[in-house]
Engineer: 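Pasting a structure below so you can have a look.
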Amino acid sequence: MTRIYPDTPAGPFDPPPVVFTDAENRQIEIQTYDGGPIDPFVTMYLAFEPADRAQGIPPTNESRIREWLDRILIDDAVNVYATYDGGVIGHATLVPDGNDAYELAIFVLRAYQQSGIGTRLIYCLLGAGQDRGVERVWLSVERWNAAARALYRNVGFEPTDADGFEFEMSLRLSARQ
Amino acid sequence: MRILVGIDQSDRVAPVLSGACQRLSDGDSLTVAVVTPTDEASIDELETAVTAYVDANELGATVTSLSGHPGSELVELAEREGFDRLVIDGGRRSPLGKIQLAALTEFVLLNATMTVTLIR
């Protein structure tokens with residue numbers, strides 16, 4: 001399938017590290033993952049609200065979570081994560097799709113949603129992606145998830161395939177100057 | 001029961017057919033319909049792959065080909081010939097691991113009047 005990307009590139013975006021205070025007055029730190037133990041991510045996904053799962057991810061039990069993370073926390077992908085009080089509470093990822101483009105997804109624990117962390121995570125992820133020379137990014141979102149679609153649109157994503165149950169959007173990243 | 005399996009992608013022939021066979025009971029009959037592929041394979045190549053799998057595993061299934069719009073052709077055949085159940089692929093995953101419903105899967109789920117099984 002040939003995916004269409006916007007002509008106008010989005011960005012530039014600032015890469016991690018970023019420290020900020022969220023809407024609940026919590027000090028949140030966003031960093032790039034560059035190897036290291038996956039256990040802090042496993043802990044986050046074990047605490048993930050099952051009702052917030054989308055299209056089968058994240059998986060629900062520990063062995064499947066580990067199996068899934070082993071395919072995502074890889075050198076060829078771009079991963080950034082948010083911590084509060086030492087624990088991972090958010091994670092965003094760009095996974096290579098084998099066609100020179102990257103699939104994006106973002107996960108935030110329920111207690112930390114709607115406080116500006118998701119938007120910061122996406123900006124940081126795209127900034128880290130720019131540093132790695134990523135140019136084309138796409139995602140799919142459930143079509144009834146209007147909040148997520150609005151967030152992605154604000155970042156610069158445009159709809160590419162609105163025919164199915166899933167709503168696809170894409171973005172072209174500007175090259176880092 | 002008379003079961004109709006729809007196949008639309010060459011790399012999913014084995015998982016879908018083996019998944020369908022695991023759910024068979026004594027006396028069930030199996031028909032496999034090859035539809036216009038969603039990947040680069042031609043319908044003839046896909047039918048050859050399906051026939052080879054059916055023969056190699058001695059499934060004793062009838063294999064047929066449906067040209068035209070995959071979803072509507074499949075649902076129409078199932079209704080016209082009174083199949084009890086339709087079995088199709090439902091297990092595609094994005095690079096990130098998200099479950100993706102192919103166009104065929106969506107069409108069948110929304111239009112079939114008989115029970116549908118998705119193989120994951």
Side-chain angles (χ1 to χ4, degrees), chain A residues 1-3 41 45 48 52-60 64-74 76-79 91-107 125 134 136-143 145 148 160-170, chain B residues 6-13 15-16 18-20 22-23 34-43 45-46 68-75 86-120:
Chain A
M1 188 182 82
T2 313
R3 197 171 275 110
F41 291 90
Y45 284 112
F48 200 81
D52 291 340
R53 298 171 73 220
Q55 294 163 266
I57 57 169
T60 46
R64 280 178 192 270
I65 288 170
R66 285 184 180 278
E67 212 176 287
W68 176 65
L69 287 173
D70 281 342
R71 293 203 310 268
I72 286 172
L73 298 175
I74 53 173
D76 289 345
V78 181
N79 287 280
H91 171 208
T93 183
L94 290 171
V95 175
D97 71 356
N99 289 309
D100 243 11
Y102 289 76
E103 184 183 8
L104 177 147
I106 175 167
F107 308 88
L125 178 69
V134 172
R136 293 182 295 164
V137 179
W138 60 275
L139 60 88
S140 73
V141 54
E142 289 160 331
R143 55 181 313 118
N145 193 345
T160 53
D161 179 6
D163 288 342
F165 289 166
E166 302 123 24
F167 190 91
E168 260 194 29
M169 304 177 89
S170 73
Chain B
I7 302 276
D8 70 328
Q9 196 165 304
S10 41
D11 66 357
R12 294 287 296 167
V13 169
V16 173
S18 73
Q22 280 164 19
R23 289 159 181 80
V34 177
V35 301
T36 310
T38 44
D39 52 13
E40 278 81 45
S42 71
I43 192 163
E45 285 166 348
L46 187 55
H69 181 256
S72 56
E73 291 291 333
L74 195 60
V75 171
L86 238 173
V87 178
I88 50 171
D89 182 23
R92 286 173 209 172
R93 298 258 180 178
S94 75
L96 245 164
K98 285 190 173 182
I99 291 170
Q100 293 181 312
L101 295 184
L104 171 70
T105 317
E106 287 189 17
F107 187 94
V108 168
L109 285 179
L110 293 172
N111 290 280
T113 50
M114 67 290 299
T115 299
V116 176
T117 300
L118 300 185
I119 302 293
R120 294 227 155 119

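We name chains A, B, ... by the order of the sequence lines, and we start the count at 1 in each one.
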Engineer: Chain B heavy atoms under 4.5 Å from Pro58(A): which part of the residue, side chain, backbone, both or neither?
Structural biologist: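 It is neither, since no heavy atom gets under 4.5 Å.
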
Engineer: Between Arg93(B), Lys98(B), Gln100(B), who has the most heavy-atom pairs with chain A when the cutoff is under 4.5 Å?
Structural biologist: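 Highest number of heavy-atom pairs under 4.5 Å: Lys98(B).
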
Engineer: Quick one: do Thr36(B) and Leu46(B) satisfy side-chain contact (heavy atoms from CB on, under 4.5 Å)? Show the steps, please.
Structural biologist: CA-CA 9 Å; Thr36(B) 310; Leu46(B) 187 55; over 6 Å; no

Engineer: Below 4.5 Å from any heavy atom of chain B, which atoms of Leu104(A) appear? Answer side chain, backbone, both or neither.
Structural biologist: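 Looking at Leu104(A), just its backbone touches chain B.
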
Engineer: Quick one: list whatever passes side chain to side chain donor-acceptor pair (under 3.5 Å) with Arg136(A), sequence neighbours left out.
Structural biologist: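 Arg136(A) satisfies side chain to side chain donor-acceptor pair (under 3.5 Å) with no other residue.
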
Engineer: Go through the structure and list residues passing ring pair (Phe, Tyr, Trp, His ring centres under 6.0 Å) with Phe41(A), not counting sequence neighbours.
Structural biologist: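 Scan of Phe41(A) (ring pair (Phe, Tyr, Trp, His ring centres under 6.0 Å), adjacent residues dropped) gives Tyr33(A), Tyr81(A), His91(A).
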
Engineer: Do Ser140(A) and Gln55(A) pair up side chain to side chain, a donor and an acceptor below 3.5 Å, judged on atom types alone?
Structural biologist: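 Indeed, the side chains of Ser140(A) and Gln55(A) share at least one donor-acceptor pair under 3.5 Å.
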
